[in-house]
Protein chains: 4
Amino acid sequence: MPKIVDRTERRAVLCQAAVAVFAEQGYHRATMQAVAERAGVSKGGVYEYFDSKEQLLLASAEMLLSAAFGQSIAALERDSGTLHERLESFAREALGTAEDWSELCLLLLQVWAELGPFEEGPLRTMMGRLYRESADRVQAVLDAAIENGEAAPHPSRAAALAIMASLDGMVLQAILVPDEFRSALATGAFYGWCRSLVPVAATEE
Amino acid sequence: MPKIVDRTERRAVLCQAAVAVFAEQGYHRATMQAVAERAGVSKGGVYEYFDSKEQLLLASAEMLLSAAFGQSIAALERDSGTLHERLESFAREALGTAEDWSELCLLLLQVWAELGPFEEGPLRTMMGRLYRESADRVQAVLDAAIENGEAAPHPSRAAALAIMASLDGMVLQAILVPDEFRSALATGAFYGWCRSLVPVAATEE
Amino acid sequence: MPKIVDRTERRAVLCQAAVAVFAEQGYHRATMQAVAERAGVSKGGVYEYFDSKEQLLLASAEMLLSAAFGQSIAALERDSGTLHERLESFAREALGTAEDWSELCLLLLQVWAELGPFEEGPLRTMMGRLYRESADRVQAVLDAAIENGEAAPHPSRAAALAIMASLDGMVLQAILVPDEFRSALATGAFYGWCRSLVPVAATEE
Amino acid sequence: MPKIVDRTERRAVLCQAAVAVFAEQGYHRATMQAVAERAGVSKGGVYEYFDSKEQLLLASAEMLLSAAFGQSIAALERDSGTLHERLESFAREALGTAEDWSELCLLLLQVWAELGPFEEGPLRTMMGRLYRESADRVQAVLDAAIENGEAAPHPSRAAALAIMASLDGMVLQAILVPDEFRSALATGAFYGWCRSLVPVAATEE
DNA sequence: GATGAATGAGAATTCATTCAT
DNA sequence: CATGAATGAATTCTCATTCAT
């Protein structure tokens, strides 16, 4: 009669611990020991659920990032509200509040550093997929807005990528120049950028 | 009479080797041995010029990044040409050609990952200073353009930070979704974003 | 259920190995590798029980020296026998037999060399405490003997320190001029010195 | 026309520097660099005069110790004064003043630690010779005193070795329990021990 | 002779991973 | 399943020694 544990649940707990520790100490400086302790399990226990540190990073990153990206883009895909309103919601969701955001930013930095210069690798694949999917969804929203005349016709892929790029640039500002980041947040700067990148239809102005 | 060596020159050579190796393998995976070999010196030789791996990263990053940032922003600060022309030059300089750019991007990712969540640390200080200085110089250009009526009055700090953020976001695209990056480059997307972020004066249009 | 190990027992085994290796090769020449091999564990295994080589020396020295000092002084503190008899027992215990003694001497030399010129440091503290405690106990025995008239009244602290000093001087002779040491041992020289340093009461002679 | 330097003079300067550095930092922690700097020469320069660090220790120790031992024993060998007076002079010379003494003690500790458990080795040979010569000279003084009736007949070799041992024990106290050492010095304890170890002729008392 | 840059053999220490219990 | 003791490869950094100038 083996102890019944929900493996999925357990993996999630470990991922959360891993995210916290990796964000705090950096992926390479963090030890499996530290992750295990944070999760309240033994060092060896982690290996019941993940084959290696690398896989733990992969799973942790995927869990956190797909949730975060999904949530913010969902705000853009809502049925209700004008495009501008939804862009503003998106900006608010994406940048969120300082605490979670900070952990997310720090983990992103760690993941980015692990991408490496080569095409291969599961981390690249996952991150690339996430990036493209996110850009696709943003672009779809923009295309729909162009379709129904809310936005002026413009290269929507470029705009989508510009929005993505700005968002990532904000990640860095949050970490590197937090005071500038906070004031940009307060003045709604990121939302403003999104707006500038998406020309509205002439009639709507 | 000891062997004559130009210590500054020597440090530069080591930094170049370090940049290449750190970009290629990642800061933590790279060994001092590998850097030394790349530079054509012995393991111990590196320590004649840098006290630790950390200091090597700091010096390497500072050397590469201040050169790269300086060069591209200089294009923006030129006397000749319209603001738009200079923005385009800036974009071209900043994104440059694939080879050097790639190394720069990869090193940036490594440096970002080393920033850590704490306020302290020489790497943070250096990077923060570089970031602020760059933003300051971009902003100064925008302010001058507003002054002489080339650009419409607008919050220039926000625009400067938006340009910086977009640029950093491009770094990531270059590594993470290189095909999208290349096509964005081909269509002059980054330049377009800079333009959208800087509203021109009504008369000039 | 993890492998059951008695950590205290394990530390003791490692200390014994460390004592042997440090005595044989000298503290600085000895490698952690060598200690580990002597103890039959892997290099990393030592670090499960001691944080550093320095701490290993500290623990090893404390274990060996407190045992050795304690044992010999205990012979002096016995209830039975005259002061002279107990001084002789003490001398015999302290100088013991060649084998253990030699290891003890060699380790002492290593520890002394690590004391350094500064007041601070756990090794100094431990050794200072051990020295004072030993001197205190010897002095207490002398005071008791003065009290009950077995020994003539005399500065007992000075005598205790003289005995300690002579003993340490013997350590050096054992290593440096072993033949003289052995003949001094054979003629009971050290015991004789102790006697000369402790004037007997007039009536007892 | 080679620069004329007095090699013997130069060696002496280097030895003095070596003594200071070895005493201060310990033989193994001290670097040749540090010794060279203290002596005001270049790192490579030391090797003009000594083939290795080990030889530098050997020469330094011999220079310092033979001078120190010689000087104090000379006080014992003087023609003028009673044995007791000369014993007192000896004690004063040997323990000297705190500063020089401290350096001497610290170097002794370092040398002792380098003796190693084996019979061979130039350091052992030198130190053994020095020890025996010193003991011989002390013994000769005692024998002469016995001869002329100043001291009672007694095993003079044992007394000489006891004096040597006590002296070495003082070295340790000076380093390990400096406060006890200083008070022992103030009360003339060491001289007292020497006296107890050398029974005077009955008539003299 | 003197210099100090360069070398490279080591040594302490860390930590992902394994596996006996 | 879970534990945590043990492993050992890998890495940073040190420093005695050499040698071109």
Side-chain angles (χ1 to χ4, degrees), chain A residues 1-5 7 10 28-37 40-56, chain B residues 1-7 10 28-37 39-56, chain C residues 1-7 10 28-37 39-56, chain D residues 1-5 7 10 28-37 40-56:
Chain A
M1 228 181 315
K3 202 186 296 182
I4 300 299
V5 288
R7 289 190 66 86
R10 201 74 162 196
H28 278 103
R29 293 189 209 288
T31 67
M32 292 299 267
Q33 174 84 273
V35 173
E37 271 168 19
V41 301
S42 74
K43 206 183 344 171
V46 181
Y47 287 88
E48 290 287 325
Y49 299 93
F50 300 98
D51 287 343
S52 67
K53 197 185 183 185
E54 209 180 337
Q55 294 223 354
L56 179 59
Chain B
M1 271 155 284
K3 203 183 295 182
I4 300 297
V5 287
D6 182 341
R7 290 189 70 87
R10 203 70 171 193
H28 279 104
R29 293 190 209 289
T31 66
M32 291 300 265
Q33 175 84 270
V35 173
E37 271 165 19
V41 301
S42 73
K43 198 178 4 151
V46 182
Y47 287 91
E48 293 279 325
Y49 298 92
F50 300 97
D51 285 344
S52 66
K53 195 183 183 185
E54 209 180 336
Q55 293 220 358
L56 179 59
Chain C
M1 270 154 289
K3 205 182 294 182
I4 300 297
V5 287
D6 182 342
R7 290 189 69 87
R10 203 70 169 195
H28 283 285
R29 293 190 209 288
T31 67
M32 291 300 265
Q33 175 84 272
V35 174
E37 271 166 20
V41 301
S42 72
K43 200 173 6 148
V46 181
Y47 287 89
E48 293 279 324
Y49 297 93
F50 300 97
D51 286 343
S52 66
K53 196 183 183 185
E54 210 180 336
Q55 292 220 357
L56 179 58
Chain D
M1 229 180 314
K3 202 185 297 179
I4 300 298
V5 287
R7 289 191 65 87
R10 200 75 162 197
H28 278 103
R29 293 189 209 288
T31 66
M32 292 299 266
Q33 173 85 271
V35 173
E37 271 168 19
V41 302
S42 74
K43 204 180 349 168
V46 181
Y47 287 88
E48 290 286 325
Y49 299 93
F50 300 98
D51 287 342
S52 67
K53 197 184 184 186
E54 208 180 337
Q55 295 223 355
L56 179 58

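Each chain gets a letter, A, B and so on, in the order the sequences are listed, and its residues count up from 1.
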For this session: Mind calculating the distance between OH (A/Tyr49) and C1' (F/dT3) to the nearest angstrom?
Result: 13 Å
For this session: Measure the spacing between CZ of D/Arg7 and OH of D/Tyr49 and express it to the nearest 0.5 Å.
Result: 5.5 Å
For this session: Hey, could you give me the CE/NZ distance between D/Met32 and D/Lys43, rounded to the nearest 0.5 Å?
Result: 10.5 Å
Exercise. Please give, in whole Å, the distance from E/dA12 P to C/Leu56 CG?
Worked result: 11 Å
Seminar exercise, completed: Closest to the side chain of C/Glu48, out of E/dT3, F/dC1, F/dA6, is F/dA6
For this session: When you get a sec, tell me which of E/dA11, E/dG4, E/dG1 is the closest nucleotide to the side chain of D/Lys43?
Result: E/dG4
Exercise. Please give, in whole Å, the distance from E/dC15 P to A/Glu54 CD?
Worked result: 18 Å
For this session: Measure from the side chain of C/Ser52, starting at C-beta and using heavy atoms only, and say which of E/dT7, E/dT3, E/dT13 lies closest.
Result: E/dT13
For this session: Of all the heavy-atom pairs spanning A/His28 and A/Lys53, show the shortest one and how long it is.
Result: O-NZ, 3.6 Å
For this session: Give the rounded distance in Å between these two atoms: CZ of A/Phe50 and P of E/dT17.
Result: 13 Å
Exercise. Just checking A/Ala34: base, sugar-phosphate only, or nothing, at a heavy-atom cut-off of under 4.0 Å?
Worked result: nothing
For this session: Starting from C1' on F/dT12, measure out to CD on B/Gln33 and report it in whole angstrom.
Result: 11 Å
Seminar exercise, completed: Comparing B/Val41 with C/Ala30, nearest DNA chain E nucleotide closer to 5' gives the residue B/Val41
Exercise. Would you find more than 12 non-hydrogen atoms of other residues, nucleotides or ligands less than 6.0 Å from B/Gln33 atom CD?
Worked result: yes
For this session: Rounded off to whole Å, could you give me the NE2-to-P distance for the A/His28 and F/dT12 pair?
Result: 11 Å
Exercise. Should we say atom CD of B/Gln55 is surrounded by more than 12 heavy atoms from elsewhere, each under 6.0 Å from it?
Worked result: yes
For this session: Using whole Å, report how far OH of D/Tyr47 lies from C1' of E/dG1.
Result: 17 Å
Exercise. To the nearest 0.5 Å, what is the distance between CG (B/Asp51) and CD (B/Glu48)?
Worked result: 10.5 Å
Problem set entry | Heavy-atom closest pair, residues B/Ala36 and B/Ser42 | CB-O, 3.5 Å
Exercise. Between B/Gly45 and B/Lys53, who's closer to the 5' end of DNA chain F by nearest nucleotide?
Worked result: B/Lys53
Exercise. What pattern of brackets, bars and dots sums up DNA chain F from 5' to 3', given Watson-Crick or G-U wobble pairs under 3.5 Å, [ ] for crossing pairs and | for another strand?
Worked result: .||||||||||||||||||||
For this session: Nearest-nucleotide wise, let me know which of C/Gly40 and B/Thr31 is further upstream toward the 5' end of DNA chain F.
Result: C/Gly40
For this session: Would you classify D/Ala36 as touching base, sugar-phosphate or nothing, given that sugar-phosphate means primed atoms plus P, OP1 and OP2, and contacts are heavy atoms under 4.0 Å?
Result: nothing
Problem set entry | Among F/dT17, F/dA2, F/dT7, the nucleotide that comes nearest once only the side chain of A/Arg10 is considered | F/dA2
Exercise. Rounded to whole angstrom units, what separation is found between the CE atom of D/Met32 and the C1' atom of E/dT3?
Worked result: 15 Å
Exercise. Does a nitrogen or oxygen in the side chain of C/Arg7 sit under 4.0 Å from OP1 or OP2 of F/dA5?
Worked result: yes
For this session: Select one nucleotide: of F/dT7, E/dT7, E/dG4, the one nearest the side-chain heavy atoms of C/Ser42.
Result: F/dT7
